[in-house]
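Working notes, structure below.
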Amino acid sequence: MCPSCNGGKSGELSLSLFINLHGYSASWLCFRAKCGWKGYKKAAADGKPSIENLGRVNKVKFKRQITVESLQLEPLCNQLTAYFAERMISSETLKRNAIMQKRSGNKIAIAFTYWRKGELVNCKYRDLAKRFWQEKNTEKILYGLDDIADASDIIIVEGEMDKLAMEEAGFRNCVSVPAGAPPSVSKKEVPAEEQDTKYRYLWNWKEYFEKASRIILVTDGDLPGQALAEELARRLGRERCWRVKWPKKNDVGHFKDANEVLMYLGPSVLKDIIDNAELYPIRGLFNFSSFFDEIDQYYHQNVVYEFGGDTTYQSSGEKR
């Protein structure tokens, strides 16, 4: 039993102790999630420990090996196939992306399967009430990772439905982030690669992004979506990133994401949006179009305090 936590309320025997074969050192670790006590001691000539390192560690997580069979996944039923059809997602796209379902009693949920080099490593579920959950103790990777292995242009979207929508518009070189968008942009500096746990899915497969010449950020048009685009650009390099502009939906708002555009405007419009992506803004660099309003006002002499210099020629052509 761990002498630090005494096994908690259940008296769990969770302490692991290792002693070197020759008795020169000993190390230990408590595997209780709420404890994590660990230490290391090395024997010295006078019998006193020369090294002591006590502290707490995060819970040790073991990645599960999962299969379609172990998760008891099934082919999509007619109800869920119709659900996707309403969102303009075809049966061919569903099949290629291995979209399945999982039953729990009399309820069913969509199963978005996450694959890496042909191996199932994670599964994310969504029911018809739009509740999401994932398999525990599995690796968090980009959805559709295998589709960008050899891509020179990479499209990043915010959700699995948007990844499927992009395929309907003719783009397979697309991945979705696995855990949605942050509420806002972090005010802190980007942490070191080994400490950037929230965006581990980028660093683990950075070789895919390093060889890409262009990365198009197709995140949602709301504030969290914009925050996600900024966080991705900070890590991938703004100079390689592009962004899209969502068309107006009505007098007061714009379309929110790729799937919504697909549903209401069709795949050709969604394709045009990607084809017309613009460079991600970099502080200090501007496009000529950024100054259109100022130039227009200047041309029509609406800015009365800024007129050009006199050419000394009158409109009739005679020199003054």
Side-chain angles (χ1 to χ4, degrees), residues 33-34 36 55-66 111-117 119-126 130-149 151 154-163 166 173-212 214-244 256-258 280-283:
K34 294 183 179 180
R56 293 183 179 274
V57 296
N58 294 328
K59 180 182 178 181
V60 178
K61 295 184 178 180
F62 299 93
K63 298 297 186 295
R64 294 165 51 204
Q65 291 185 341
I66 59 175
F112 296 101
T113 52
Y114 282 63
W115 302 81
R116 182 190 60 221
K117 297 181 179 180
E119 178 185 1
L120 181 63
V121 297
N122 196 2
C123 190
K124 186 174 179 179
Y125 303 100
R126 170 181 172 169
K130 207 175 180 180
R131 291 186 292 251
F132 293 90
W133 66 96
Q134 295 189 39
E135 289 290 337
K136 295 181 179 180
N137 300 328
T138 53
E139 186 177 354
K140 302 300 183 289
I141 66 172
L142 290 158
Y143 180 66
L145 181 65
D146 288 348
D147 286 339
I148 64 168
I154 294 176
I155 300 171
I156 303 180
V157 295
E158 194 174 321
E160 293 84 2
M161 293 295 292
D162 295 323
K163 152 70 174 168
M166 295 306 305
N173 54 322
C174 177
V175 289
S176 169
V177 299
S184 61
V185 179
S186 174
K187 296 181 180 180
K188 299 179 180 179
E189 294 292 328
V190 175
E193 177 179 336
E194 60 275 7
Q195 298 175 342
D196 197 12
T197 56
K198 189 172 183 179
Y199 295 90
R200 178 61 53 200
Y201 56 81
L202 292 179
W203 299 114
N204 284 348
W205 301 97
K206 63 181 180 180
E207 67 269 18
Y208 287 7
F209 297 101
E210 287 174 346
K211 61 185 179 183
R214 190 169 67 143
I215 301 170
I216 307 174
L217 306 178
V218 191
T219 55
D220 290 3
D222 54 15
L223 291 178
Q226 295 172 27
L228 174 62
E230 178 63 17
E231 293 291 1
L232 295 175
R234 293 172 72 192
R235 290 160 173 81
L236 298 171
R238 288 181 173 85
E239 70 283 354
R240 291 190 302 147
C241 290
W242 296 60
R243 67 177 183 179
V244 300
K256 178 176 177 288
D257 55 33
Y280 197 84
I282 301 176
R283 183 176 298 176

Self-check item: Working for salt bridge (charged side-chain N to carboxylate O under 4.0 Å, His left out), residues Lys198 and Glu231
Solution: CA-CA 11 Å; Lys198 189 172 183 179; Glu231 293 291 1; over 6 Å; no
Exercise. For side-chain contact (heavy atoms from CB on, under 4.5 Å), just list the numbers for Glu160 and Tyr114, CA-CA rounded to whole Å, side-chain angles, deciding distance to a tenth of an Å, and then say yes or no.
Key: CA-CA 10 Å; Glu160 293 84 2; Tyr114 282 63; 2.5 Å; yes
Quiz item: Can Asn204 and Ile141 be said to form a side-chain contact (heavy atoms from CB on, under 4.5 Å), step by step?
Solution: CA-CA 8 Å; Asn204 284 348; Ile141 66 172; over 6 Å; no
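Panel note: side chain Arg240, backbone Ala212; a donor-acceptor pair is recorded below 3.5 Å. Arg200 places a side-chain N or O within 3.5 Å of a backbone atom of Glu193 that can act as its donor or acceptor partner. The main-chain N or O of Trp133 is never found under 3.5 Å from a side-chain atom of Arg126 such that the two would form a donor-acceptor pair. A donor-acceptor pair is defined here as one N or O able to donate and one able to accept, closer than 3.5 Å; such a pair exists between the side chain of Glu158 and the backbone of Asp220. Remark: the backbone N or O of Lys124 is not paired with any side-chain donor or acceptor of Glu135 at under 3.5 angstrom.
Residues Ala229 and Thr219 approach most closely at CB-OG1, 3.5 Å, considering heavy atoms. Nearest heavy-atom pair, Asn173 versus Ala151, reported as atom, atom and distance to 0.1 Å: CB-CB, 4.0 Å. In this structure, Ile155 and Met166 approach most closely via the heavy-atom pair CD1-CE, 4.0 Å. Shortest non-hydrogen contact noted between Ala233 and Tyr280 is CB-CE2, 3.7 Å. Pairing each heavy atom of Thr113 with each of Cys123, the nearest pair is CG2-SG, 4.2 Å. Listed here is the closest heavy atom pair of Asn122 and Lys140: ND2-CD, 3.6 Å.
Leu236 CG to Cys241 SG: the interatomic distance, rounded to the nearest 0.5 Å, is 5.0 Å. Taken from CG in Leu120 to CD in Glu139, the straight-line distance is 11.5 Å, to the nearest 0.5 Å. In this structure, the separation between CG on Asn137 and CZ on Arg64 is 7.0 Å, given to the nearest 0.5 Å. Atom CD1 of Ile148 sits about 9.0 Å away from atom NZ of Lys211, to the nearest 0.5 Å.
Between Tyr201 and the options Trp203, Trp205, Tyr199, a side chain to side chain contact (heavy atoms under 4.5 Å, CB included) holds for only Tyr199. Among the candidates Val177, Ile156, Leu223, Val157, the single residue satisfying the side chain to side chain contact (heavy atoms under 4.5 Å, CB included) test with Leu228 is Val177.
A heavy-atom distance below 4.5 Å is found between the side chains of Val185 and Arg234. Counting heavy atoms from C-beta on, the side chains of Val218 and Asp162 never come closer than 4.5 Å.
Atom CD of Glu189 is surrounded by 12 or fewer heavy atoms from other residues, nucleotides or ligands within 6.0 Å. Other residues, nucleotides and ligands place more than 12 heavy atoms under 6.0 Å from the CD atom of Glu239.
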